[in-house]
Amino acid sequence: MRTPLNGSSDAGPVEGTPLSTEQEELTNTIDDSAHTLLFLMQDVLDLSKIEAGKVSVEVSDFDCTRC
């Protein structure tokens, strides 16, 4: 799932070419949308790992004043 999404978010080949303002906006929208979809898919996959019990939780103390 992640590989096709990674490919769809790569606007690199057109970045160095002359684009109209509209084409540049559309390219940016495609790139932003693909990144958003990739992050959502990663969250869904992480949730499925949690539900399957394949994630371990580590409990540790931390100093919130240093955050």
Side-chain angles (χ1 to χ4, degrees):
M1 281 189 195
R2 291 180 185 166
T3 302
L5 290 173
N6 283 330
S8 67
S9 67
D10 187 14
V14 295
E15 286 179 354
T17 62
L19 299 173
S20 69
T21 302
E22 182 180 8
Q23 289 172 322
E24 190 172 331
E25 288 174 3
L26 290 171
T27 302
N28 288 338
T29 300
I30 292 168
D31 192 47
D32 291 344
S33 298
H35 278 97
T36 300
L37 184 56
L38 177 61
F39 289 128
L40 287 171
M41 290 302 302
Q42 288 173 336
D43 288 345
V44 168
L45 292 172
D46 288 343
L47 284 173
S48 68
K49 287 179 189 176
I50 292 169
E51 289 177 347
K54 295 186 177 184
V55 175
S56 61
V57 177
E58 180 180 324
V59 178
S60 63
D61 293 331
F62 67 96
D63 183 3
C64 191
T65 59
R66 294 176 47 190
C67 299

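When reading the values below, keep in mind they use all heavy atoms of this one structure, side chains included, and skip hydrogens, waters and symmetry mates. Being a predicted model, the structure only gives us computed values, none of them experimental.
Residues meeting the side-chain hydrogen bond (donor to acceptor under 3.5 Å, both in side chains) test with Q23, sequence neighbours left out: S20. Every residue two or more places apart in sequence or in another chain was checked for a side-chain contact (heavy atoms from CB on, under 4.5 Å) with V44, and none qualifies. Not a single side-chain hydrogen bond (donor to acceptor under 3.5 Å, both in side chains) links T29 to another residue, sequence neighbours left out.
Sorted by first and then second residue, the side chain to side chain donor-acceptor pair (under 3.5 Å) pairs with a member in residues 53-65 read D63-T65; sequence neighbours excluded.
Proximity of a side-chain donor or acceptor of D31 to a complementary backbone N or O of T27 within less than 3.5 Å is not detected.
We find the CG-CG distance between L38 and D43 to be 9.5 Å, quoted to the nearest 0.5 Å.
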